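For this chain, numbers begin at 1 and follow the sequence in order. Bear in mind that the values here come from a model prediction, so they are computed numbers and not experimental data.
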Amino acid sequence: MANLVLSECGIRPLPRIYTTPRSNFVSNNNKPIFKFRPLTSYKTSSPLFCSRDGFGRNWSLNVSVPLATTTPIVDESPLEEEEEEEKQRFDPGAPPPFNLADIRAAIPKHCWVKNPWKSMSYVLRDVAIVFALAAGAAYLNNWIVWPLYWLAQGTMFWALFVLGHDCGHGSFSNNPRLNNVVGHLLHSSILVPYHGWRISHRTHHQNHGHVENDESWHPMSEKIYQSLDKPTRFFRFTLPLVMLAYPFYLWARSPGKKGSHYHPESDLFLPKEKTDVLTSTACWTAMAALLICLNFVVGPVQMLKLYGIPYWINVMWLDFVTYLHHHGHEDKLPWYRGKEWSYLRGGLTTLDRDYGVINNIHHDIGTHVIHHLFPQIPHYHLVEATEAVKPVLGKYYREPDKSGPLPLHLLGILAKSIKEDHYVSDEGEVVYYKADPNMYGEIKVGAD
């Protein structure tokens with residue numbers, strides 16, 4: 001009967017197909033992907049008429065939807081499993097599908113502009129805060145204020161270091177003379193040899209992520225690690241001692257490397273850089289002499305409270321931040337040798353960190369990935385530049401954990417990394433940190 005009605009309307013009937021009904025679909029892993037939910041029925045109020053005048057008959061066909069129908073509900077668990085599998089398949093040590101030019105093209109043009117007046121405003125702000133804190137603490141001079149002063153002033157010393165760091169990179173201004181003068185004033189005030197540090201830090205950026213050629217917080221090979229005496233190993237892998245390493249690094253560099261940031265004949269420097277190194281060492285010596293003289297003026301105890309303790313808080317900030325920019329990700333990140341290393345791949349092993357309210361105080365140094373790839377970008381453009389390149393970097397960018405007002409969440413990350421990241425293999429061009437399971441037992445035995 002249905003075929004007759006359809007033929008009278010000029011519609012070719014469909015062939016008869018008999019299927020076995022089933023209630024749901026089943027995936028390969030025998031887990032249901034679709035479930036059915038009954039929907040409210042729909043009825044049509046107007047019939048559909050069709051006619052064939054040649055037969056002189058009118059046939060009417062009322063068409064309606066079923067009283068109840070079903071729509072599939074997608075079970076998202078297989079999608080989540082696919083995303084997890086894709087994440088597991090991602091190899092952070094594999095060459096990225098983009099190049100440095102792609103990243104550069106994504107950065108807004110104004111982010112490359114250096115404004116010396118704006119840079120100087122940050123210097124004036126920080127120096128004013130340093131003197132105000134010292135004057136306030138000296139005036140109040142009580143043991144409720146002093147611990148607060150040490151934390152605040154030590155943090156401000158670290159902020160001065162970051163501004164001098166911008167001078168060393170040339171991101172402070174386009175004027176090399178201005179950069180060097182301001183850099184010397186800022187770094188000498190916190191006992192850092194400006195040019196000696198600037199040159200070694202340049203080496204760090206040019207070789208970031210390289211096992212042997214990197215300069216700052218790079219991994220030791222297993223052979224070098226095993227050659228360390230117990231006191232050195234204890235100092236290097238014990239908190240908080242390892243966070244006091246920076247002055248010793250300036251004097252004698254890292255294990256396995258020779259030279260000093262103060263000596264112009266060091267392996268760190270080229271012959272043409274000898275004058276720069278001597279200039280910075282002379283400025284460092286002048287600052288040290290000034291501090292000694294101030295000990296006679298205000299007394300050694302007062303100098304310890306005003307300068308000595310804040311200096312070591314600054315050192316702890318410096319080691320804390322620089323270490324975590326290259327260590328401590330939940331997934332082990334690669335280090336490279338030989339042909340596998342490139343400037344881009346090495347730079348992509350660096351990490352951004354969120355420091356809460358400290359971000360503004362230490363001039364957004366936590367935006368470290370884009371800084372390592374393009375150190376000439378001024379610090380006040382780093383956040384915007386980072387946001388612009390995230391779509392290009394994709395999974396090669398590791399979003400930092402959000403911080404509370406203070407970056408206390410990073411303390412656990414630091415402790416875990418110090419405990420687990422000890423050395424890398426002597427062989428291989430893509431290597432990852434390994435832990436020495438016997439190290440802390442050896443330290444304990446040695447201590448006994």
Checklist entry - So, His261 versus Ser200: side-chain donor-acceptor pair below 3.5 Å or not? => result yes

Item to check | Side-chain touch Phe172/Pro378, heavy atoms, less than 4.5 angstrom | outcome: no

Checklist entry - What about the rings of His381 and His371, do their centers lie closer together than 6.0 Å? => result no

Item to check | Validation row, ring centre Tyr355 to ring centre His362 under 6.0 Å | outcome: yes

Checklist entry - Is there a side-chain contact between Leu239 and Met243, using heavy atoms and a 4.5 Å cut-off? => result yes

Next on the checklist: So that I can tick it off, tell me whether Lys416 and Glu330 are bridged by a salt bridge, with the cut-off set at under 4.0 angstrom between side-chain N and carboxylate O.
Outcome noted: no

Item to check | Any donor-acceptor N or O pair under 3.5 Å, side chains Tyr380, His363 | outcome: no

Checklist entry - Is a side-chain N or O of Asp319 found less than 3.5 angstrom from the main chain of Met316, in a donor-acceptor match? => result no

Next on the checklist: Glu384: which residues meet the salt bridge (Lys or Arg N to Asp or Glu O under 4.0 Å) condition with it, sequence neighbours left out?
Outcome noted: none

Next on the checklist: Going by the rule side-chain hydrogen bond (donor to acceptor under 3.5 Å, both in side chains), which residues pair with Tyr323 if we only count those two or more places apart in sequence or in a different chain?
Outcome noted: Ser417

Checklist entry - Quick one: ring-ring contact (aromatic ring centres under 6.0 Å, His included) partners of His184, sequence neighbours excluded? => result Tyr194, His195

Item to check | For Phe269, all residues meeting ring-ring contact (aromatic ring centres under 6.0 Å, His included), sequence neighbours excluded | outcome: none

Next on the checklist: Could you check whether any side-chain heavy atom of Thr155 comes within less than 4.5 Å of a side-chain heavy atom of Trp317, counting everything from C-beta outward?
Outcome noted: yes

Item to check | With Tyr149 via ring-ring contact (aromatic ring centres under 6.0 Å, His included) - residues at least two apart | outcome: Trp146

Item to check | Trace of the side chain to side chain donor-acceptor pair (under 3.5 Å) decision for Asn179 with Ser173 | outcome: CA-CA 7 Å; Asn179 294 339; Ser173 77; 2.8 Å; yes

Next on the checklist: So, using side-chain hydrogen bond (donor to acceptor under 3.5 Å, both in side chains) as the criterion, who are the partners of His187 when residues are at least two apart?
Outcome noted: none

Checklist entry - Are the charged groups of Lys339 and Glu429 less than 4.0 angstrom apart, N to O? => result no

Checklist entry - Hey, does Glu215 have a side-chain heavy atom less than 4.5 Å from the side chain of Lys257? => result yes

Item to check | Residue pair Val127 / Met156, side-chain heavy-atom distance below 4.5 Å | outcome: no

Next on the checklist: Quick one about Asp166 and Tyr122 (side-chain donor to acceptor, distance below 3.5 Å, no hydrogens or angles considered), yes or no?
Outcome noted: no

Checklist entry - Considering residues at least two apart in sequence or located in another chain, which fulfil the side-chain hydrogen bond (donor to acceptor under 3.5 Å, both in side chains) criterion with Asn142? => result none

Checklist outcome for this item: Tyr262 meets the ring-ring contact (aromatic ring centres under 6.0 Å, His included) criterion, sequence neighbours left out, with Trp251, Trp284

Can you give me every donor-acceptor pair (side chain of residues 308-315, partner residue at least two apart or in another chain, under 3.5 Å) with its distance?
residue : atom : partner : partner atom : Å
Asn314  : OD1  : Trp158  : N            : 3.4
Asn314  : ND2  : Tyr311  : O            : 3.4

Checklist entry - Is it true that a side-chain atom of Arg345 and a backbone atom of Trp335 form a donor plus acceptor pair closer than 3.5 Å? => result no

Checklist entry - Does the side chain of His204 pick up a donor-acceptor pair with the side chain of His218 at under 3.5 Å? => result no

Checklist entry - Of all residues at least two apart in sequence or in a different chain, which pass the side-chain hydrogen bond (donor to acceptor under 3.5 Å, both in side chains) check with Gln206? => result none

Next on the checklist: Angle between ring planes, Tyr396 versus Phe90, binned at 30° and 60°: parallel, tilted or perpendicular?
Outcome noted: perpendicular

Next on the checklist: Testing the 3.5 Å rule here: is there a donor-acceptor pair between the side chains of Thr232 and Asp229?
Outcome noted: yes

Listed pairs under 3.5 Å, donor-acceptor, residues 96-109 side chains, sequence neighbours left out:
residue : atom : partner : partner atom : Å
Asn99   : OD1  : Ala101  : N            : 3.1
Asn99   : OD1  : Asp102  : N            : 2.8
Asp102  : OD2  : Asn99   : N            : 3.0

Checklist entry - Can you check whether His169 and His205 have ring centres sitting under 6.0 Å from each other? => result yes

Checklist entry - Does Lys305 reach the side chain of Asn141, with side-chain heavy atoms less than 4.5 Å apart? => result yes

Item to check | Whether Arg236 side chain and Phe234 backbone form a donor-acceptor pair below 3.5 Å | outcome: no

Checklist entry - Do the ring centers of Phe161 and Trp197 come within less than 6.0 Å of each other? => result yes

Next on the checklist: Once side chain to side chain donor-acceptor pair (under 3.5 Å) is applied, what residue pairs with a partner in residues 399-409 remain, sequence neighbours excluded?
Outcome noted: Lys390-Glu399

Next on the checklist: Counting only heavy atoms not in Lys223 (residues, nucleotides, ligands), do more than 12 fall under 6.0 Å from its NZ?
Outcome noted: no

Checklist entry - In terms of the angle between their ring planes, are Tyr343 and His208 parallel, tilted or perpendicular, with boundaries placed at 30° and 60°? => result tilted

